[in-house]
Amino acid sequence: MPDQPPKKDYSRIARAAISGFFSKIKIHKEVTDNLLRSVPLWIGSLVVGVIAVLYAQLFAGAESLGRQIFQSVSWLLFIITPLCFIISWMIVQYGSPFARGSGIPQVIAALEISGTDHQKKVSLLVGAKVIAVKIISSIVLVFGGGAVGREGPTIQISGAIFRLMGRFLPAHWPKYSERVMILTGSAAGLAAAFNTPLGGIVFAIEELSKSHFATFRTTLLAAVIISGMTAQTLLGPYLYIGYPQVSGIVFPMASLVILIAVICGIAGAVFSRIIIL
């Protein structure tokens with residue numbers, strides 16, 4: 001019998017064609033650097049969202065516990081309140097004096113002096129101590145009946161978290177400047193604290209009105225959205241004015257949205273590359 005012609009392996013041909021097509025789409029170093037710079041900010045946004053939610057829960061728990069105690073034994077108000085005020089003051093005074101106040105002026109000051117010769121002052125304004133002192137002192141104060149909010153402290157805490165993350169990255173890792181890290185963290189914290197991603201974006205744009213917002217707008221928007229979505233997923237449909245009667249975000253729906261967004265992004269990038277070629 002004559003030799004049969006070899007059968008064509010169409011799957012191999014298809015794989016070779018696809019591989020050849022994508023090999024022509026070169027990823028430039030700038031794209032790789034932008035991706036590597038973005039990953040720590042995305043992780044930081046998740047951390048900020050989780051911490052903002054935990055902080056809100058601790059805040060609400062301390063407030064509720066203090067109210068219950070005062071309603072049960074009203075005369076304890078004259079003991080617990082002054083004691084909590086003194087303890088809170090001592091924690092701030094001897095732990096981190098720059099943790100006093102709302103936190104927003106400290107963030108603005110850190111943004112103003114970052115990148116200058118005042119690095120020690122930046123560390124005092126948005127450093128590791130600020131995170132612990134801010135959380136502990138405010139919870140003690142609200143337990144004692146103090147009139148204190150958690151939104152401003154969340155912004156300062158978030159800015160400190162992002163700054164620390166930037167400092168812990170390896171020396172060879174492409175990264176943003178310290179000012180950008182602080183600003184992005186603060187915007188993400190604002191979005192998580194108020195559950196308002198647009199508020200975080202507007203805050204960042206206002207602070208960057210004299211610089212180039214376009215240089216890292218994609219990363220900033222992603223960080224704010226991730227932080228806000230994390231807080232909303234864990235807290236539900238929370239707003240600063242309360243809890244409206246709307247359905248919350250469930251994980252399967254969020255996963256589907258992320259998957260569709262990734263597919264659309266890849267499809268758009270490939271389509272643009274095809275047009276250019």
Of Ile182, Ile113, Val130, which meets side-chain contact (heavy atoms from CB on, under 4.5 Å) against Leu125?
Ile113

How many angstroms lie between [atom1] in [X] and [atom2] in [Y], if you round to the nearest 0.5 Å?
| X | Y | atom1 | atom2 | answer |
| --- | --- | --- | --- | --- |
| Ile139 | Leu65 | CD1 | CG | 12.0 Å |
| Ile274 | Phe271 | CD1 | CZ | 7.5 Å |
| Ile161 | Met165 | CD1 | CE | 8.0 Å |

Taking the side chain as everything from C-beta on, heavy atoms only, tell me whether [X] gets closer than 4.5 Å to [Y].
| X | Y | answer |
| --- | --- | --- |
| Met90 | Ile86 | yes |
| Arg163 | Val122 | yes |
| Thr81 | Phe70 | yes |

Without swapping roles, check the side chain of [X] against the backbone of [Y] for a donor-acceptor pair under 3.5 Å.
| X | Y | value |
| --- | --- | --- |
| Ser158 | Ser186 | no |
| Ser137 | Ser88 | no |
| Thr184 | Val180 | yes |

Do Arg100 and Gln106 get their side chains close enough for a donor-acceptor pair, meaning under 3.5 Å?
no

Closest heavy-atom pair, Phe143 versus Cys84, reported as atoms and distance to 0.1 Å, is CD2-SG, 3.6 Å

I'd like to know whether Phe162 forms a side-chain contact (heavy atoms from CB on, under 4.5 Å) with Ser45, so could you lay out the CA-CA distance, the side-chain angles of the two residues, the decisive distance to 0.1 Å, and finally the verdict.
CA-CA 8 Å; Phe162 267 65; Ser45 301; 3.6 Å; yes

